[in-house]
Amino acid sequence: MSSHTKTASEPGQKFVTKKTPKRLRTSIRHDSIAAADYLKYKLPYACEDCSHFNYVESNCTLGYISHHHQRETQKKSYELSGKMALCRFLEID
Ligand code: SF4
């Protein structure tokens, strides 16, 4: 299917090309994790495992939106879909 649409409101009028708007995508990528690995290893996957997590204010000291990466959200996501939104900046000491 073409991403362009041609329309003419009156006979003899030039066709006007309209572009289809870009599709909206989810901004966070979710990665699959094998259930065997999830059960076997203690994977650092949540903000609570990260050096940059501020426990007092429950946020990220680097300024990232941490809600999607916090343990409760990650566990719920994994139980529902088998996927997690792993933070690319997670650091462990
Ligand atoms: S760097 Fe990523 S994993 Fe670490 S606290 Fe910030 S948002 Fe969470």
Side-chain angles (χ1 to χ4, degrees):
M1 191 170 155
S2 172
S3 64
H4 299 276
T5 307
K6 291 184 177 182
T7 58
S9 58
E10 294 177 19
Q13 186 180 14
K14 278 187 163 183
F15 282 100
V16 179
T17 303
K18 291 183 182 175
K19 287 187 177 180
T20 304
K22 283 187 175 181
R23 287 186 182 190
L24 295 177
R25 294 179 18 187
T26 54
S27 59
I28 292 186
R29 191 177 300 254
H30 287 74
D31 297 299
S32 297
I33 297 175
D37 293 342
Y38 180 76
L39 295 172
K40 186 176 179 181
Y41 303 111
K42 186 183 179 320
L43 301 170
Y45 58 82
C47 288
E48 288 82 348
D49 302 321
C50 178
S51 307
H52 302 297
F53 189 62
N54 179 349
Y55 277 90
V56 177
E57 297 178 12
S58 190
N59 62 15
C60 175
T61 57
L62 296 179
Y64 294 115
I65 298 169
S66 62
H67 168 72
H68 300 286
H69 306 298
Q70 292 186 17
R71 190 174 312 282
E72 191 177 323
T73 309
Q74 295 280 58
K75 278 188 167 183
K76 185 176 177 184
S77 170
Y78 189 73
E79 288 166 8
L80 292 174
S81 66
K83 295 181 177 183
M84 286 186 182
L86 300 175
C87 178
R88 270 50 178 173
F89 298 95
L90 187 148
E91 238 178 271
I92 53 172
D93 288 331

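Ligands are counted one by one from 1 in listed order, and the atoms in each one are counted from 1 as well.
- Between D49 and the options R71, Q74, E91, H69, a side chain to side chain contact (heavy atoms under 4.5 Å, CB included) holds for only R71.
- Within the 4.0 Å heavy-atom criterion, both parts of C47, backbone and side chain, lie near ligand 1.
- Between S32 atom OG and L86 atom CG the span is 10.0 Å, to the nearest 0.5 Å.
- Taken to the nearest 0.5 Å, the NZ atom of K83 stands 10.5 Å off from the CZ atom of R29.
- Inclusion of C60 in the first shell of atom 6 (Fe) of ligand 1 is supported: an N, O or S atom falls under 2.8 Å.
- Counting only heavy atoms of the protein, atom 4 (Fe) of ligand 1 lies nearest to C50 SG, 2.4 Å.
- Under a 4.0 Å criterion applied to the non-hydrogen atoms of C87, ligand 1 contributes the atoms 1 (S), 2 (Fe), 3 (S), 7 (S).
- Shown in contact with F89 at under 4.0 Å from a heavy atom are these atoms of ligand 1, numbered in order with element: 1 (S).
- In this structure, S58 and F53 have side chains that are in contact, with non-hydrogen atoms separated by less than 4.5 Å.
- Residues H30 and S81 fail the side-chain proximity criterion, which asks for heavy atoms closer than 4.5 Å.
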